[in-house]
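Naming convention: chains lettered A, B, ... in sequence-line order (proteins, then strands); numbering from 1 in each chain.
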Amino acid sequence: MVRKTALAAETELKVALPKGDLLADTAALLERADWQVAGYTADARLYRLQSGRHPGLSAKILNERDIPVQVAVGNYDLGICGADWVRELMVKFRSVAVVKVKDLGYGGDALRLVASPGLGVTSREELTGINTPLRITSEYPNIAESFALEARLRRFSIFGVYGSPGIYPPEHAELAIVRNSAGVPGGLVDLGTIWVYGACLIANRRSWGKKNLSELLTPFGEALGKVETAAAEPEVSPIEISLPDAETDKDILRLALPDGHQQSHVVKLLEKAGIRIADYPSANGNCRPVIDIPGTVVKVIRPQDMPTQIAIGNFDLAITGRDWLREHLYQFPASPVKELLDLKYGWVRLVAVVSETMGIEDTAGLKEKCAALKSPLRVASEYINIADAYAREKRLGEYRIIPTWGATEAFLPEDADLLIENTETGGTIKRHNLKIIDTLFESTACLVGHTGRLRTDSLKPRVAALMDALRRGLEAGD
Amino acid sequence: MVVQRCKGSRDLVPEEMARFRIIEDKFRDIAGKSGYREVRTPTLEYLHLFTSIGTLTPSMLKRVYSFLDWDGWSGERVVLRPDVTIPVARLYIENMAKERLARLFYVSNVFRFEGTGRKTRERWQCGLELLGVSSSVADAELVRLALSVLAELGLKDITVRLSHGGLIHGLLAGFGLSREEQTAIFDRILDGDTSGLKKLKGVSPEMARALGSLLELSGQSSGFLKNFKAMFVPAIPALEAPLNDFISTVDLVESLGGNCVIDITTGRGFEYYTGIMFQLFSGKNIVGGGGRYDDLIPLVGGAKVPASGLALNIYTIMDLLPETAAKPPDGTSVLVKAEPEAIAEAFGVITGLQRAGYRAEMYLGAQDMSAYGRILLVKAAGGGFVLTDTAKVGSQTLPSLEAVIGALGKAA
């Protein structure tokens, strides 16, 4: 017989559940554990869910990467996510309040180290003897740093990228840490698996030490069966990619174009500017499309990663959003990256958002509220440096920046007090019963470049010609 | 909301700062008289200064404060210095490489994460680096200096625990371990874990016995090292050179009156030690440590310059010193009161008194006047000065600052 109240009703319990790749397996597990969390589906419209079995149990669907942070800060008692993001947090913040409770036996993946063939190494041990700086790209900058220290690399730079770490070597990095599931780029040297992991159950340390969660976890343990180890390492499928032909000479103009949903806008603009580009967007993941401007090479990367890539001199020009340029400049005020041309599309504004329930109208109201708060103001944002600068400039008192990875509106009001996020129509914000109290700036797509590189005589005419063409494209209208 | 200091940090109030300065002043005095010159390195260094093999152990590296600088878009991290010896080695290479012998000292803070709450994350050290010579006399000079400082500070029950990096490496090499494997085990020893050594037992009988007796050395002294040498050097000749060096240093330290203990795990966290390694204890407290690091300077890009160094832990020593009050005003202190129109003149008088060697403070209405030996009233419109001796009845009127200084001098 199933009791309706398996968990004492007064025990409030919050669980963070992953969206994305782990959702289906996690939902099946909860089904077997009879948690009765209705609405936990891939097309869920609501983020907040209730258990039909345990009245005190509520769940929220979050981006997998946000879950360790959210559990650590105490917004959730339990969370399910990939152990990769748990490790990324714990390897840097060693006393973080997260306990890894159990490997769940699904979502298996592995981190793999790949190297540029030009580095001339065939094993990880050989990296120790290299005296030249090694550039390492990874979506896990903390794991990458920890790896580099343990491998005793003499001199290294870590590039925490938002996506596709494997496309940077050989010309833009010597090493990359990639996920097996993302495929190992062909043409690079495989230096083997660094770490095998899978989905895991984590708990906030305080909750784990104080709350009795056993009623909830017992069926969970049974549902898991005998799985005690991480999921098996998946097969690696090589991705066929074209590598650059030869060493890029310094007179070549190197242009970075965005991946993802921005591509259609870029294609349209290039078309109107009379510039042809082959295999962009690419159906088979080719990140080096060919453009019909002589002396110009193109690589497709994440818009968020472009400002840094320009700053270090990997590219001369890039098409990105002003929001990500500002984010970069707030972190590195002396960076040589600057906006060259407003491309007008992709308009959003960056806004400060609070919950309607807070009952405030503007930043003055927010400041009053802050002064009365007993705990630090929690500011959630994808743009951590912009949010940090905003909170400082507006003198919001003691605050904490909570990094998020999209769908930030789900955090208010219970997991954050203030959001800094982008919005086009404000519709999503309204729908979540939130209110815009300030606009930081407007952002559109723009052409950005490296101020120093663009002053070189060999590049000047090429840049000018490309900018003229883009201007013509902009004037051509729809 | 009450603003608190950062977790793992420490405030030094005037009484503590006074004790801090006592240690620092004593150290500076003895180091200076011994021919050491003071240097200071920056708080921020590039992380890669500390990452090569032969610098810090991995577990130490995991506790450094590293981050991207404001112009760190290249991804290269900087670090709040976790150690001073390596930066001083860099300073020497960059600025002083022509000097054959460099005796340097520093008073500096280091930053290492500490999660237990038992120690602070920012710690202060006063340290010595002796660059350019490799001899047990040089090592003994450092120990002698440290022992003098500790003795003059009145610390009791001092012991010197010694180990030898060359001896450990020699043993590990004897097990047929590669340099990397040696480093891995050496690191674990330096991090206080000797289990890796114990697992090596049984590879060859002499080696295992040598290792076993080395592991049990704790608590023994130089005599034991000589016995050890007699027993094992015939079978393992590679141990002779490090053992001779170890023995001659221990002999010298013992002749200085140091109470020596041999402990193989001495020297935690610092992979750079190649020769003698020592820690100084007062009772159970580690008050300092150091050792020989002949390979460090070539490793960070310099010539093959041998060196050794030592550092004293100021916070630990501070807490062992008797309570010391910050110097209160005493009989020679002058409290200067001014009539409203004579404030500017009073400040001039204070300057004059201080130049003449007196402690002089402006009366701000909140001081306890009885704590001061003299009270000087500065009258307006050239009205002169009234000097009162708080210990006596009555006061004297004086026409000028010179007369005041004269009267103060006479009274003293």
**Report entry** I312(A) vs E76(B), side-chain contact (heavy atoms from CB on, under 4.5 Å): CA-CA, chis, key distance, verdict
**Finding:** CA-CA 11 Å; I312(A) 59 177; E76(B) 185 143 41; over 6 Å; no

Considering residues, nucleotides and ligands other than [X], do more than 12 of their heavy atoms fall under 6.0 Å from its [atom1]?
| X | atom1 | answer |
| --- | --- | --- |
| W208(A) | CH2 | no |
| R5(B) | CZ | yes |
| R400(A) | CZ | no |
| Y162(A) | OH | yes |

Identify which part of [X] has an atom lying under 4.5 Å from any heavy atom of chain B, answering side chain, backbone, both or neither.
| X | result |
| --- | --- |
| L153(A) | backbone |
| F93(A) | neither |
| R155(A) | both |
| E150(A) | side chain |

Query raised in the report: Which residue pairs satisfy the salt bridge (Lys or Arg N to Asp or Glu O under 4.0 Å) criterion with at least one member in residues 138-148 of chain A, sequence neighbours excluded?
Result: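 Passing the test, one end in residues 138-148 of chain A: K92(A)-E145(A), E139(A)-R179(A), E145(A)-R77(B).
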
Query raised in the report: Should the ring pair F332(A) and W73(B) be called parallel, tilted or perpendicular, given that the plane angle runs from 0 to 90° and is split at 30 and 60?
Result: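 Correct class here is perpendicular.
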
Query - L49(B) versus chain A, the contacting section by heavy-atom distance below 4.5 Å - result: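 No part of L49(B) comes within 4.5 Å of chain A.
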
Query raised in the report: Can you say whether F113(B) sits under 4.5 Å from chain A via the side chain, the backbone, both, or neither, judging by heavy atoms?
Result: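 Contact with chain A: side chain only.
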
Report task. Kindly compute the distance separating OG1 (T51(B)) from CZ (R152(A)), expressed to the nearest 0.5 Å. Result ->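 Answer rounded to 0.5 Å: 7.5 Å.
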
**Report entry** Option in P141(A), P333(A), S95(A) with maximal non-hydrogen atom pairs under 4.5 Å from chain B
**Finding:**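 Top count of heavy-atom pairs under 4.5 Å with chain B: P333(A).
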
Requested in this report: Go through the steps to decide whether L149(A) and M60(B) satisfy the test side-chain contact (heavy atoms from CB on, under 4.5 Å), and finish with yes or no.
Outcome: CA-CA 10 Å; L149(A) 291 176; M60(B) 175 87 106; over 6 Å; no

